[in-house]
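Below is the structure I would like to discuss, written out as C-alpha cells.
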Amino acid sequence: MRNVTVDNITDVFEGYFSPETDPRTKEVLVSMVRHLHAFAREVNLTHDEWNKGLSILKQTGDITDDERNEFVLMSDVLGLSSLVDMMHSSNEATSSSVLGPFHVSNPPPLAMGGDMRKDFDDQVLLVEGQVTGTDGKVIAHAELDIWQTAPNGLYSSQDEDQDIHSFHGLLKTDAEGRFAFTTVRPVEYTVPTDGPVGELLNAAGRHPWRPSHLHYIIKADGYRSLVTEVFPSDDKYLDQDTVFGVRDDLVMEYTEHAADTFPAEGFELSGKVSEPYLKVKFDLILAKTD
Ligand code: BEZ
Ligand code: FE
C-alpha cells in the first residue's frame, strides 16, 4: 500500500502478513496492533506521550536482569498477569494468583509439622489444610512449595541477612491429603518502586502495597499445578492489592488460641509454645489435567 492513512493503516498492517504465517501468531499480533492503533486514535496520542511510553519500555528493559524482571512487575501492576491467570484457571478449583518474583528453586524439604521460623522469634502461626480434587477425592503426597516474607517484610532474595532458603519449604501431604506446619504471620510489603513501575504507580496516584500472604505452588500427578496465595481476612490492603491478586476464596481467617491448646505432638514446636499462637486453615482444590 503506497497511500497509508490514519483510517487504513490497521488493515494495511494485517495485509503485510505472509500467507504462511502461523495462524495463531497472526491472530495475536493483528489483534494487539488493532488495539494499539485504536488506543492511539482514542486518546489522540501526541509525540511527547508516545516518546514517554517508549522511554518507559526502555527503562523497563534497562533495569531487568537475571534477578529482576521489571516487565513481569509491569504486567502485574497493570493487572495483565492476573487477567491471564483468571482466564485460564478452573472455576471449580482453588483460584490461582500471581507467582511474583521471589520464588526460589530447590526449596528445602519441610517435614509435616515442621517449623519455617528458624531464627525469627515472632508469634507462631499454625497453617493446616487438606488438598483434594474437584471431585472431592483427597490427594495424597501432593507437593506444596511454600514461601513468604520474613517478619521484616523482606523475602530471602531481598535480604542479605537471610539465607536464600529462609521462609521457603517443600512439604508433602500425608495419605489423607493433609498438610500442617508452623511459621510466622507474613507481613504486608511494597513491590519494588525504584524503577519505572514505581514511576507509573506514582503517576497514577497508586500505592505499591500488597496485602500479606503465603505463597503456594501445589503439584500432584494427574492434576493441574496451581500457583496461589492465602490472605488474612483482616489485612488492610485486601481491597487494593497493587497486583490484583486477591480472590474471595483465598481470604482466610487467622484465629488466635491460648498456648496450652497447641497440639501436644506432631509439630516441631509441640511442647515449646508458651505464648498465644495464630491458626489458619487453607484447603486447596486442584483440577485434573485435561
Ligand atoms: C509477590 O507476591 O511476591 C509479588 C507479586 C507480584 C509482584 C511483586 C511481588
Ligand atoms: Fe509475595
Side-chain angles (χ1 to χ4, degrees), residues 56 59-60 63-89 94-105 107 110 116-117 120 122 125 127 144-159 162 164-170 181 183-202 204 206-218 225-247 249-252 254 280 282 284:
I56 288 174
Q59 288 170 52
T60 305
I63 206 168
T64 293
D65 59 22
D66 287 348
E67 260 130 54
R68 172 173 185 170
N69 192 328
E70 193 81 354
F71 284 104
V72 175
L73 186 59
M74 189 65 87
S75 159
D76 293 343
V77 302
L78 294 178
L80 185 60
S81 311
S82 279
L83 176 60
V84 174
D85 260 6
M86 289 186 288
M87 289 189 321
H88 299 286
S89 53
T94 299
S95 296
S96 62
S97 188
V98 285
L99 172 68
F102 302 118
H103 175 251
V104 301
S105 40
L110 177 65
M116 284 217 296
R117 296 177 322 150
F120 286 90
D122 207 354
L125 169 66
V127 185
L144 271 69
D145 186 341
I146 303 157
W147 71 104
Q148 66 169 94
T149 51
N152 62 5
L154 296 174
Y155 284 93
S156 60
S157 56
Q158 300 174 295
D159 187 358
Q162 284 183 67
I164 192 68
H165 290 136
S166 161
F167 287 106
H168 290 262
L170 192 67
F181 62 97
T183 181
V184 297
R185 187 184 162 125
V187 294
E188 58 268 316
Y189 62 87
T190 65
V191 300
T193 54
D194 55 341
V197 164
E199 203 188 321
L200 182 131
L201 291 175
N202 235 348
R206 277 175 55 181
H207 70 68
W209 288 91
R210 291 216 67 203
S212 75
H213 52 270
L214 267 162
H215 288 275
Y216 290 78
I217 300 175
I218 307 104
S225 297
L226 176 68
V227 178
T228 193
E229 308 173 271
V230 58
F231 302 91
S233 55
D234 58 355
D235 194 291
K236 63 176 184 285
Y237 292 112
L238 272 188
D239 289 310
Q240 36 182 309
D241 178 8
T242 202
V243 300
F244 309 93
V246 182
R247 323 270 176 260
D249 65 322
L250 305 182
V251 178
M252 299 291 147
Y254 286 36
V280 63
F282 185 39
L284 293 148

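Numbering of ligands and ligand atoms starts at 1, following listing order.
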ring-ring contact (aromatic ring centres under 6.0 Å, His included), that's the test. Do Tyr189 and Tyr155 meet it? Break it down for me.
CA-CA 10 Å; Tyr189 62 87; Tyr155 284 93; 5.2 Å; yes

Is it true that, when you exclude Asp239 itself, more than 12 heavy atoms of the residues, nucleotides or ligands shown sit nearer than 6.0 Å to its CG?
no

His165: partners by side-chain contact (heavy atoms from CB on, under 4.5 Å), with sequence neighbours left out:
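Val104, Pro108, Asp163.
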
Just to verify, which of Ile217, Leu144, Thr94 counts as forming a side-chain contact (heavy atoms from CB on, under 4.5 Å) with Leu226?
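For Leu226, the side-chain contact (heavy atoms from CB on, under 4.5 Å) test succeeds with only one of Ile217, Leu144, Thr94, which is Thr94.
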
Residues in side-chain hydrogen bond (donor to acceptor under 3.5 Å, both in side chains) with Asp249, at least two apart?
Ser95

If we ignore angles and hydrogens, is there a donor and acceptor under 3.5 Å between the side chains of Thr242 and Arg206?
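Per modelled atom types, Thr242 and Arg206 side chains form a pair under 3.5 Å.
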
His215 and Phe102 aromatic centres sub-6.0 Å
no

Return the CZ to CD1 distance between Phe282 and Ile146, rounded to the nearest 0.5 Å.
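Rounded to the nearest 0.5 Å, the CZ-CD1 separation comes to 10.5 Å.
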
Distances under 2.8 Å only: what protein N/O/S atoms are near the Fe ion (ligand 2), ordered by chain and residue?
Tyr155 OH, Tyr189 OH, His213 NE2, His215 NE2

Under 30°, 30 to 60°, or over 60°: which ring-plane class applies to Phe167 and Phe120, parallel, tilted or perpendicular?
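Correct class here is tilted.
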
One line per pair, note the atom names and distance for all nitrogen or oxygen contacts under 3.5 Å between ligand 1 and the protein.
residue  : atom  : partner : partner atom : Å
ligand 1 : 2 (O) : Tyr189  : OH           : 2.6
ligand 1 : 2 (O) : Arg210  : NH1          : 2.5
ligand 1 : 2 (O) : His213  : NE2          : 3.0
ligand 1 : 2 (O) : His215  : NE2          : 3.0
ligand 1 : 3 (O) : Tyr155  : OH           : 3.4
ligand 1 : 3 (O) : Tyr189  : OH           : 2.7
ligand 1 : 3 (O) : His215  : NE2          : 3.2

